[in-house]
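Because the structure is a prediction, the values reported are computed rather than measured.
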Amino acid sequence: LSAVCIEPFKDGLLLDSLVTVSEARRRGYAKKLIDYALDYCKTRPVYAHIHYNNKASRLLHEKIGFSLLCEYAHMLDGSIRNDHFTYIVK
């Protein structure tokens with residue numbers, strides 16, 4: 001119903017590709033996955049790249065404790081995306 005990939009990134013880890021199928025949204029699955037990932041990564045900073053238009057995801061990450069780091073994203077392939085924001089939780 002919901003899945004996330006955790007990748008090494010900079011000095012911490014990146015929550016990459018957090019997805020929830022539309023029928024299962026607003027039931028807490030994404031929050032549970034993020035909480036689990038944060039617990040797993042508790043000694044390192046955790047980053048998330050979120051499309052600037054995805055207000056639901058941005059609000060969820062902020063509610064959990066992420067803060068906006070910058071209004072662009074350095075992607076894993078080395079590219080820079082101006083349509084994504086980078087969030088961090090320490």
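Annotation: side chain to side chain donor-acceptor pair (under 3.5 Å) contacts of S67 (sequence neighbours excluded): none. Partners of K42 according to the salt bridge (Lys or Arg N to Asp or Glu O under 4.0 Å) rule, which considers only residues two or more places apart in sequence or in another chain, are D39. Judged as a salt bridge (Lys or Arg N to Asp or Glu O under 4.0 Å), and not counting sequence neighbours, the contacts of D83 are R81. With sequence neighbours excluded, the residues forming a side chain to side chain donor-acceptor pair (under 3.5 Å) with K31 are D35, listed by chain and number. Residues passing the ring pair (Phe, Tyr, Trp, His ring centres under 6.0 Å) test with Y40: none are found, sequence neighbours excluded. Shown here are the side chain to side chain donor-acceptor pair (under 3.5 Å) partners of D77, two or more places apart in sequence or in another chain: S79. Here N82 pairs with Y72, I80 under the side-chain contact (heavy atoms from CB on, under 4.5 Å) rule; sequence neighbours left out.
Here the straight-line distance linking atom CD1 of I34 with atom CG of L60 works out to 4.5 Å at 0.5 Å rounding. How far CG of N53 is from NE2 of H84: 10.5 Å, rounded to the nearest 0.5 Å. The CG atom of L13 sits 10.5 Å away from the SG atom of C5 when rounded to the nearest 0.5 Å.
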Please step through side-chain contact (heavy atoms from CB on, under 4.5 Å) for the pair V89 and I64, ending with a clear verdict.
CA-CA 9 Å; V89 66; I64 291 171; over 6 Å; no

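Cluster partners of M75 are absent, since no Ile, Leu, Val, Met, Phe, Trp or Tyr has side-chain heavy atoms less than 4.5 Å from it. Through chains of ILVMFWY side-chain contacts below 4.5 Å, L69 is grouped with F9, L14, Y47, L76, I88.
Criterion: ILVMFWY side-chain heavy atoms under 4.5 Å apart, direct or through other members. Under it, L68 and I50 are part of a common hydrophobic cluster.
Across every non-hydrogen atom of T86 and A73, the tightest pair is OG1-CA, 3.3 Å. The shortest non-hydrogen separation linking A37 to L15 is CB-CD2, 3.5 Å.
Sorted by first then second residue, the side-chain hydrogen bond (donor to acceptor under 3.5 Å, both in side chains) pairs that include residues 57-66, not counting sequence neighbours, are S57-H61, R58-Y87, E62-Y87.
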